[in-house]
2 protein chains.
Amino acid sequence: MGYGVTMGRWAPDAAIRLERAALELFSEQGFADTTVPQIAARAGLTTRTYFRHFADKRDVLFLREREFPAVVSAVLADAPGGLTPVDLVMHGFDAVARDGFDDWREAVRARRRIIRSDMHLRERELLKSSALAGAIEGVLVEHGLEARDAALLSSFGVLVFDAALDSWLEGANDRPLHDVLRETRDRLGRLTG
Amino acid sequence: MGYGVTMGRWAPDAAIRLERAALELFSEQGFADTTVPQIAARAGLTTRTYFRHFADKRDVLFLREREFPAVVSAVLADAPGGLTPVDLVMHGFDAVARDGFDDWREAVRARRRIIRSDMHLRERELLKSSALAGAIEGVLVEHGLEARDAALLSSFGVLVFDAALDSWLEGANDRPLHDVLRETRDRLGRLTG
DNA sequence: CCGGTGACGACACGTCGTGCCATCATTCTA
DNA sequence: TAGAATGATGGCACGACGTGTCGTCACCGG
């Protein structure tokens, strides 16, 4: 998804092949002991081509999240009116949680296991969450919220979402992410009084 | 501070000199256009010695925060009893805010300006905040809080602290950080209902 | 049929970060 | 006081990372 209908001249799945090769190699030998030339070779491409699709060695693990800020922004843009700011943000996460996660729990879990195995990958994950918060913050400002409130609230929303994602992945049952999201938000509300 | 009285055989301030050289060079030419050999040369040391004091090129900007997780943990460890978990966390930040920030606002501001100028430095800053949250989470678990609540609450506390630090630095007046911290916590409380 | 477009290959290069050993001033020990 | 131990630094080599640049080659449009 995301690719046009005509699909160019060359195999249009270079980034996908690189991502699959990287996931395999990182699982087999670990992130630190895998080199970019190894990833490119397994995908049938060259090192230079790898760096055309991904900014660095870590970036390949976040291919699926590239559209995430734009998607959340779009969902928030045409949300039902009359919501309080915090409900608007949570509504955006609700919509995303319903669509694109419950069918991919094992894939998300495998990716999360790799990320948690290396500090540098965890670092990049934090930056991606921050970028998501930035996108939400922009929408909130457009909706008239004051800048500082928008920054606070978007960070709060991402905090709840990330924590809910962790609970959802760690749990044995396959409770829908939507439910975990609500429970996490309530739990934090009780904690902070 | 932090160094013993005897102070070793060699100049004991190698890390400090490297930090000062890095701050100068990053301000003069930017982070990306500064090389580690340049930093080491200005500090009168070699590249190899730089990497004995700092894990990588970014780490030199976070020398002052190394003791931060341990300090916050210590403050929380002997906090007055009878506090709710959230008040315990905020009490720790209060204590730190009173001691080590209000006299160094310009220094903190200069460092923050450099960090905000480069995505890679912002990324490292997020990791440091996450490490701080991890330390707080450990203390909360020791106090008997359930694991998931401890993770949520420590992240919440760091969110408030980082946002308050931003407000404190951006403001023109030199309102004590302690006040900004309280105001930020109240503001987020009103936003999230 | 032919020039433009755009992804990929190939090469060179500077920087990053680490392993390894030598140096040398201080401190400890006999 | 002589010699051994300690520990921070210097020096060197090396693999990996990430980028600039040019060339190649399939497809597309006039």
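So you know, we letter chains A, B, ... as the sequences are listed, proteins then strands, and number each from 1. As the structure is a computational prediction, the values presented were derived from the model and not from experiment.
Proximity of A/His53 to the phosphate of C/dC8: a side-chain N or O atom is located under 4.0 Å from OP1 or OP2. Residue A/Thr46 has a polar side-chain atom (N or O) positioned under 4.0 Å from OP1 or OP2 of C/dG9.
What separates CG of B/Asp59 from C1' of C/dC16 is a distance of 14 Å, to the nearest Å. With rounding to whole Å, A/Phe54 atom CZ is found 13 Å from D/dG18 atom P. Between A/Asp56 atom CG and D/dA16 atom C1' the separation is 13 Å, expressed in whole Å. The distance from atom CG of A/Asp118 to atom C1' of D/dA16 is 15 Å, rounded to the nearest whole Å. In this structure, CZ of A/Arg48 is placed 14 Å from P of D/dC17, rounded to the nearest angstrom. Between B/Leu45 atom CG and D/dG10 atom C1' the separation is 10 Å, expressed in whole Å. Taking atom OH of B/Tyr50 as the reference point, atom C1' of D/dG10 lies 18 Å away to the nearest angstrom. Separating the CG atom of B/Leu18 from the C1' atom of D/dA8 is a distance of 13 Å, rounded to the nearest angstrom.
Salt-bridge formation is not detected for the pair B/Glu125/B/Lys128: no Lys NZ or Arg NE/NH1/NH2 atom is positioned less than 4.0 Å from an Asp or Glu carboxylate oxygen. Using a 4.0 Å cut-off between a side-chain N of Lys or Arg and a carboxylate O of Asp or Glu, A/Arg148 and B/Glu183 do not qualify as a salt bridge. Salt-bridge formation is not detected for the pair B/Arg185/B/Asp87: no Lys NZ or Arg NE/NH1/NH2 atom is positioned less than 4.0 Å from an Asp or Glu carboxylate oxygen. The pair A/Asp118-A/Arg124 does not count as a salt bridge, with every side-chain nitrogen at least 4.0 angstrom from each carboxylate oxygen.
Nearer to the 5' terminus of DNA chain C, by closest-nucleotide assignment, is the contact made by A/Thr47 (compared with the other of A/Thr47 and B/Val36). Positionally, the nearest nucleotide of DNA chain D for B/Thr49 lies more toward the 5' end than for the other of A/Thr35 and B/Thr49.
Scanning atom types as modelled, no donor and acceptor separated by under 3.5 angstrom connect the side chain of A/Arg52 and the base of C/dG6.
The shortest side-chain heavy-atom distance between A/Leu191 and B/Val86 does not fall under the 4.5 Å cut-off.
Of the listed nucleotides (C/dA10, D/dC17, C/dG17), D/dC17 has the atom at the smallest distance from the side chain of A/Phe51.
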